**Student:** 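Take a look at this one; I'll ask things after.
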Amino acid sequence: MKISALFLVAALVLPGAAALAQQPSSLPDLGLREIADKDLDRHVAKSNGVVGLLNASLRGKESWARYLSWVDVKRGPTGKERIIYGLYSVGASARDAIARARKSAADEPAIPALDGATRQLADTFDALIPILNEADAYYDRKDYLSDDMAGGKALHARLVPAATAFLEARAAADALQDQFKDLIDRQQLSRIEATEGKSVRWHARNTLMLAKKTVDLMPSNPRRGADLKPFDAALAAYGEAVRDFDTAVRESGKSTSIDSYPRDILGKLREMRVCNGSRCPATTEKDESAVSQNASTPYPVRLSG
């Protein structure tokens, strides 16, 4: 992956970051502890299939979140809501991502936990898409004005179980992919160091890895007595990595327009840490929203050497 692509992804980590929240204490186990260099490219290809599905399925998650913004999920739509937003449709390209993910799950090397989670996400997303699209069309046509929300109630009965199964599958695949990507990143870092030493590219990838780790450790609500020590340690390590990256870029004599991205991300993280969950002049409402919302992490596109 080119350095510019690395930090384009990194620049997205804050405003759309998964959660800026700690992962649940009970995570599924990938069952893989290391990746041999000779197998790295095949593992990257498998990862790309999962990444593509997670990216495509984010639309399904966003559609469900929009629906929940105006519907009481226990009661369902009544037609008496102050605003009826409907939801979002899912485009045809999602089917391509599902097909590629199913292929990657069948490809060697087999990783049973990840392959099974990928298939489950593909199946549940595949089942949810037509219901979301049918519901999107129903609300776009405002059929609820002529049928007293009968169609909306019928759709709700189908949406809830399909969306619940999808979200559970997506959370499991997401957690396993995070573990898988961490192994891939470490092996790619080792490969770069073996061929180039600690080059600018090495520092770029190392900085991106530490940025993601720091974001993942940031509590969603620091004011509720969360333990900030792991986040503080990760933030300190990221700060050191950013300084090392800046030094490597300066000494290479090949500065680019993206060299400030790691510093920008570090600055935002430090502002949020100093604010400790309270309003600060330097922190925008958009930043605070990123901290409080449990959104999904945007994944990088293709991972290449």
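Computed from a prediction, not measured in an experiment: that's the story for all the values here.
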**Student:** Under a 3.5 Å distance rule, please check whether Arg119 uses its side chain to pair with a backbone N or O of Ala105 as donor and acceptor.
**Tutor:** yes

**Student:** Which heavy atom in Ala248 sits nearest to a heavy atom in His203, and how many Å separate them?
**Tutor:** CB-CD2, 3.5 Å

**Student:** Measure across Ile192 and Ser199 and return the closest heavy-atom pair with its distance rounded to 0.1 Å.
**Tutor:** CG2-OG, 3.9 Å

**Student:** What's the shortest heavy-atom distance between Ala163 and Leu128, and which atoms?
**Tutor:** N-CD1, 3.9 Å

**Student:** For a side chain to side chain contact (heavy atoms under 4.5 Å, CB included) check, start with the C-alpha distance between Tyr88 and Asp136, then their side-chain angles and the critical distance, and finish with the verdict.
**Tutor:** CA-CA 6 Å; Tyr88 301 131; Asp136 174 64; 5.7 Å; no

**Student:** For the residue pair Arg170 and Leu58, establish whether any side-chain heavy-atom pair is separated by less than 4.5 Å.
**Tutor:** yes

**Student:** At their closest point, which heavy atom of His156 faces which heavy atom of Val73, and how far apart are they?
**Tutor:** NE2-O, 2.9 Å

**Student:** Do Arg273 and Leu269 have side chains that approach each other closer than 4.5 Å (heavy atoms only, starting at C-beta)?
**Tutor:** no

**Student:** Measure from the side-chain N and O atoms of Glu193 to the backbone N and O of Arg191, and report whether any donor-acceptor pair falls under 3.5 Å.
**Tutor:** no

**Student:** For the residue pair Tyr144 and Tyr138, categorise the inter-ring angle as parallel (less than 30°), tilted (30 to 60°) or perpendicular (more than 60°).
**Tutor:** tilted

**Student:** Please check if the side chain of Glu108 supplies one atom and the backbone of Ala110 the other of a donor-acceptor pair under 3.5 Å.
**Tutor:** yes

**Student:** Is it true that Asp123 and Arg102 make a salt bridge, defined as a side-chain N closer than 4.0 Å to a carboxylate O?
**Tutor:** yes

**Student:** Heavy-atom distance under 4.5 Å between the side chains of Val200 and Lys254, does that happen here?
**Tutor:** no

**Student:** Specify the closest pair of heavy atoms between Ser47 and Ile184, including all atoms of both residues, with the distance to one decimal.
**Tutor:** CB-CD1, 3.5 Å

**Student:** Is the shortest side-chain N to carboxylate O distance from Asp216 to Lys212 below 4.0 Å?
**Tutor:** yes

**Student:** For salt bridge (charged side-chain N to carboxylate O under 4.0 Å, His left out), just list the numbers for Arg42 and Asp107, CA-CA rounded to whole Å, side-chain angles, deciding distance to a tenth of an Å, and then say yes or no.
**Tutor:** CA-CA 9 Å; Arg42 292 194 300 164; Asp107 287 345; over 6 Å; no

**Student:** Within the distance-only criterion (no hydrogens, no angle test), does the side chain of Ser104 pair as donor or acceptor with the backbone N or O of Gly49 below 3.5 angstrom?
**Tutor:** no

**Student:** Give a yes or no on whether the backbone of Lys74 and the side-chain of Asp72 come within a donor-acceptor separation of less than 3.5 Å.
**Tutor:** yes

**Student:** If you count heavy atoms of other groups shown closer than 6.0 angstrom to NZ of Lys213, is the number above 12?
**Tutor:** no

**Student:** Apply side chain to side chain contact (heavy atoms under 4.5 Å, CB included) to Met149 and Asp143, showing your working.
**Tutor:** CA-CA 7 Å; Met149 195 57 86; Asp143 286 354; over 6 Å; no

**Student:** Indicate yes or no: at least one non-hydrogen side-chain atom of Ile129 is less than 4.5 angstrom from one of Asn133.
**Tutor:** yes

**Student:** Go through Leu114 and Thr118 one step at a time and tell me if the side chain to side chain contact (heavy atoms under 4.5 Å, CB included) criterion holds.
**Tutor:** CA-CA 6 Å; Leu114 181 64; Thr118 301; 4.1 Å; yes

**Student:** Using a 4.5 Å cut-off on heavy atoms from C-beta on, say whether the side chain of Leu159 contacts that of Leu132.
**Tutor:** yes

**Student:** Are side-chain heavy atoms of Trp64 and Leu87 found at a separation under 4.5 Å?
**Tutor:** no

**Student:** So does Arg66 get a backbone contact from the side chain of Ser69, meaning a donor-acceptor N/O pair under 3.5 Å?
**Tutor:** yes

**Student:** Set out, in order, the CA-CA distance, both residues' side-chain angles and the distance that settles salt bridge (charged side-chain N to carboxylate O under 4.0 Å, His left out) for Asp244 and Lys198, then state yes or no.
**Tutor:** CA-CA 10 Å; Asp244 290 343; Lys198 292 188 176 180; over 6 Å; no

**Student:** Does the side chain of Phe166 come within less than 4.5 Å of Leu121's, by heavy atoms?
**Tutor:** yes

**Student:** Side chain of Thr164, backbone of Pro161: donor and acceptor closer than 3.5 Å?
**Tutor:** no

**Student:** Would you check if His43 and Leu183 make a side-chain contact, meaning some heavy-atom pair closer than 4.5 Å?
**Tutor:** no

**Student:** Taking Ala169's backbone N and O only, do any of them form a donor-acceptor pair with Thr124's side chain (distance below 3.5 Å, no angle check)?
**Tutor:** no

**Student:** To check you understand the geometry: which heavy-atom pair defines the closest contact between Thr78 and Lys153, and what is its length?
**Tutor:** CA-CE, 4.4 Å

**Student:** Output all residues satisfying side-chain hydrogen bond (donor to acceptor under 3.5 Å, both in side chains) with Arg59, sequence neighbours left out; order by chain, then residue number.
**Tutor:** none

**Student:** Walk me through it: do Lys268 and Glu271 pass the test salt bridge (charged side-chain N to carboxylate O under 4.0 Å, His left out)?
**Tutor:** CA-CA 5 Å; Lys268 281 188 179 292; Glu271 284 178 358; 5.7 Å; no

**Student:** Run the side chain to side chain contact (heavy atoms under 4.5 Å, CB included) test on Lys46 and Asp115 for me, step by step, so that the C-alpha distance in whole Å, both residues' side-chain angles and the decisive distance to 0.1 Å come before the verdict.
**Tutor:** CA-CA 9 Å; Lys46 182 179 284 284; Asp115 294 341; 2.9 Å; yes

**Student:** Whether the side chain of Ser57 engages the backbone of Leu53 through a donor-acceptor N/O pair (distance < 3.5 Å, no angle test) should be reported.
**Tutor:** yes

**Student:** Just do the ring-ring contact (aromatic ring centres under 6.0 Å, His included) check on Phe245 and Trp202 with the steps written out, would you?
**Tutor:** CA-CA 9 Å; Phe245 172 75; Trp202 184 94; over 10 Å; no

**Student:** Checking Tyr238 side chain against Pro262 main chain: does a donor-acceptor pair fall under 3.5 Å?
**Tutor:** yes

**Student:** Which residues pass the salt bridge (Lys or Arg N to Asp or Glu O under 4.0 Å) test with Asp147, not counting sequence neighbours?
**Tutor:** none

**Student:** For a salt bridge (charged side-chain N to carboxylate O under 4.0 Å, His left out) check, start with the C-alpha distance between Arg186 and Asp182, then their side-chain angles and the critical distance, and finish with the verdict.
**Tutor:** CA-CA 6 Å; Arg186 283 191 272 130; Asp182 183 61; 3.2 Å; yes

